[in-house]
J.: 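This is the structure, below, for whatever I ask next.
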Amino acid sequence: MTTEIEVKGLKELQARMKAFPKQMDAAEQATMEASLLTLWENVPPYPKISFDSSYTRTGTLGRTLGSSMGGGKAGQPSIYEVKKLGAGVEGRFGSDLSYAPYVIGDNDQAAHMGYWWQMKDIAAKSQAKINRLWVTLADKLARFLDKNT
């Protein structure tokens with residue numbers, strides 16, 4: 001299960017950068033990696049379990065998102081990749097646990113899991129910084145083009 005944030009408005013810049021594919025690929029790769037890191041840093045801690053619960057927590061879901069039950073980072077998320085996709089780049093972030101959608105899914109969260117946050121919460125908390133990363137990329141590439149064309 002992953003979360004999705006789409007960055008729009010780069011097509012003109014990508015077209016202008018066709019003469020510099022290595023620079024464009026490297027810049028997009030680095031910006032996408034920074035975007036995934038932003039998502040990762042915004043994974044909330046495990047929610048507190050209700051006092052009347054008899055369930056024994058294992059921390060598995062937190063670990064598959066790169067977080068420990070006590071907060072902090074505990075390894076890399078199980079879905080954490082950047083790959084070239086056509087003229088752009090795609091980043092994937094999330095958990096590969098089969099039951100993750102029923103716990104933290106945006107559309108599939110089970111009613112009794114309502115005390116958990118959802119993936120859209122991570123995306124919402126990350127959106128502004130990710131947008132700034134991509135605006136910064138666009139500005140850098142525009143300056144590069146001004147010097148090299």
J.: Which pair of heavy atoms, one from A27 and one from L137, lies closest together, and at what distance?
T.: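 Smallest interatomic distance, heavy atoms only, reads CB-CD1, 3.3 Å.
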J.: How many angstroms lie between atom CD of E41 and atom NZ of K125, to the nearest 0.5 angstrom?
T.: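 Reported value, rounded in 0.5 Å steps: 9.0 Å.
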J.: Quick one: pull up CZ in R63 and OG1 in T58 and give me the separation to the nearest 0.5 Å.
T.: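 It is 5.5 Å, given to the nearest 0.5 Å.
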J.: Given side chains that start at C-beta, do those of M119 and I122 come closer than 4.5 Å, heavy atoms only?
T.: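 Yes. Closest side-chain heavy atoms under 4.5 Å.
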J.: For the pair F93 and I79, evaluate side chain to side chain contact (heavy atoms under 4.5 Å, CB included) and give the outcome as yes or no after the intermediate values.
T.: CA-CA 5 Å; F93 173 89; I79 299 175; 5.8 Å; no
J.: So, D121 side chain and Q118 main chain: donor-acceptor pair closer than 3.5 Å or not?
T.: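 Yes; at least one donor-acceptor contact below 3.5 Å.
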J.: Check S95 against L61 and note the closest heavy-atom contact, atom names and distance.
T.: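 Distance-wise, the nearest heavy atoms are OG-CD1, 3.8 Å.
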J.: Test Q14 against E28 for side chain to side chain contact (heavy atoms under 4.5 Å, CB included), laying out the working first.
T.: CA-CA 10 Å; Q14 288 169 328; E28 285 184 322; 2.7 Å; yes
J.: What distance do L65 atom CG and L97 atom CG have between them, rounded to the nearest 0.5 Å?
T.: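 Reported value, rounded in 0.5 Å steps: 8.0 Å.
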J.: As a quick check of understanding, evaluate side chain to side chain contact (heavy atoms under 4.5 Å, CB included) for R132 and V135, giving each step before the final call.
T.: CA-CA 5 Å; R132 285 192 305 273; V135 166; 5.6 Å; no
J.: Distance from K18 atom NZ to L13 atom CG, nearest 0.5 Å?
T.: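 If I round to the nearest 0.5 Å, the distance is 12.5 Å.
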J.: Would you check if there is a donor-acceptor pair between the side chains of S67 and W40 at a distance under 3.5 Å?
T.: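 Judged by distance alone, the side chains do not pair up.
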J.: Assess whether side chain to side chain contact (heavy atoms under 4.5 Å, CB included) is satisfied between Q109 and W116, documenting all intermediate values.
T.: CA-CA 9 Å; Q109 186 180 53; W116 274 86; 3.6 Å; yes
J.: Of the non-hydrogen atoms in E33 and Y80, which two are nearest, and what is the gap between them?
T.: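 Minimum heavy-atom contact is O-OH, 4.1 Å.
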J.: If you look at every heavy atom in W117 and P47, which pair is closest and at what distance?
T.: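 So the two residues come closest at NE1-CD, 4.1 Å.
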J.: If you group Ile, Leu, Val, Met, Phe, Trp and Tyr by side-chain heavy-atom gaps below 4.5 Å, do L85 and M17 land in one group?
T.: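 No, L85 and M17 fall in different hydrophobic clusters.
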J.: On a heavy-atom basis, which atom in L141 and which in M24 lie closest, and how many Å separate them?
T.: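 L141 and M24 have their closest heavy atoms at CD1-SD, 3.4 Å.
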J.: Answer yes or no: does atom NZ of K84 have more than 12 heavy-atom neighbours from other residues, nucleotides or ligands under 6.0 Å?
T.: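 Result for NZ/K84: enclosed.
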J.: Under 3.5 Å, is there a donor on one side chain and an acceptor on the other for N131 and Q127?
T.: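 Result is yes, a qualifying pair exists.
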J.: So, W134 side chain and M32 main chain: donor-acceptor pair closer than 3.5 Å or not?
T.: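 Side chain of W134 to backbone of M32: no pair is present.
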